[in-house]
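To start, the structure itself, in structure tokens.
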Amino acid sequence: MAFEVKGIDHIQLVCPKGGEDEARKFYNGILGMKELPKPENLKGRGGCWFICGNQEIHISIQEDFIAPKKAHPGLIVTNIEALREQLLQLNFEIKEEPPIEGRTRFFVNDPFGNRVEFLEFH
């Protein structure tokens, strides 16, 4: 092939208009992701960006927002049980799926209903 896909730069999730503060509470406040400044030419669209390892999560505004039912990012974490406990204490519903060999995983919905998977490899 003349080209090679090298990796993922970012994933984009959506939220309703005005959802930036809730996104910041979840992705920065709870998950500890650092917020990135948006490029000047994109700031007027709203939303916010976060860094996750070497990749980014872009939360964008969608006027006719409906959370996707199945699509989701899978985020690699350390000490997944501590994260599970923290999310439970904050009244997030933990959703279990069939196990995958070599990893522990669970899902939650972010404040907008976007599915987020957390995985720890062992």
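Given the structure is predicted, the values throughout are model-derived calculations rather than measurements.
Note that CZ of F118 is 8.0 Å distant from CD1 of I94, once rounded to the nearest 0.5 Å. Within the model, atoms CD1 of I100 and CZ of F121 stand 8.0 Å from one another, a figure rounded to the nearest 0.5 Å.
With salt bridges taken as basic N to acidic carboxylate O contacts below 4.0 Å, none links R103 and E120.
Every residue two or more places apart in sequence or in another chain that forms a side chain to side chain contact (heavy atoms under 4.5 Å, CB included) with E4 is listed here: K6. Remark: E101 engages no residue in a side chain to side chain contact (heavy atoms under 4.5 Å, CB included) (not counting sequence neighbours).
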Verdict with reasoning, R115 to V108, per side-chain contact (heavy atoms from CB on, under 4.5 Å):
CA-CA 6 Å; R115 280 172 49 109; V108 299; over 6 Å; no
In sequence, state the C-alpha distance, the side-chain angles, and the governing distance for K95 and N109, and then conclude on side-chain contact (heavy atoms from CB on, under 4.5 Å).
CA-CA 9 Å; K95 298 173 185 168; N109 287 344; 2.7 Å; yes
Exercise answer: donor-acceptor pairs, residues 65-77 side-chain atoms, under 3.5 Å, sequence neighbours excluded:
residue : atom : partner : partner atom : Å
H72     : ND1  : K70     : O            : 2.8
H72     : NE2  : E117    : OE1          : 3.0

May I have the list of side-chain donor-acceptor pairs in residues 41-59 shorter than 3.5 Å, sequence neighbours left out?
residue : atom : partner : partner atom : Å
K43     : NZ   : E40     : OE2          : 2.8
E56     : OE1  : H58     : NE2          : 2.7

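A 4.5 Å side-chain heavy-atom check between I61 and P16 finds every atom pair outside the cut-off. L90 places a side-chain heavy atom less than 4.5 Å from the side chain of I30.
Linking Ile, Leu, Val, Met, Phe, Trp and Tyr residues whenever their side-chain heavy atoms come within less than 4.5 Å places F92 and M33 in a single cluster. L13 is connected to L31 through a chain of hydrophobic side-chain contacts under 4.5 Å among Ile, Leu, Val, Met, Phe, Trp and Tyr, so both are in one cluster. Both L88 and F106 are members of a single hydrophobic cluster when ILVMFWY side chains are connected at heavy-atom separations under 4.5 Å. Taken together through direct or relayed side-chain contacts under 4.5 Å among Ile, Leu, Val, Met, Phe, Trp and Tyr, F112 and I11 form parts of separate hydrophobic clusters. Using a 4.5 Å cut-off between side-chain heavy atoms of Ile, Leu, Val, Met, Phe, Trp and Tyr, with links allowed through other members, F107 and F26 fall into different hydrophobic clusters.
Pairs engaging residues 73-87 under the salt bridge (Lys or Arg N to Asp or Glu O under 4.0 Å) rule: E81-R84, R84-E96 [sequence neighbours left out]. Applying the side-chain hydrogen bond (donor to acceptor under 3.5 Å, both in side chains) definition to pairs two or more places apart or across chains, those involving residues 7-18 are Q12-S60.
Between T104 and I80, the closest heavy-atom pair is O-CD1, 3.5 Å.
No donor-acceptor pair closer than 3.5 Å links the side chain of N28 to the backbone N or O of G32.
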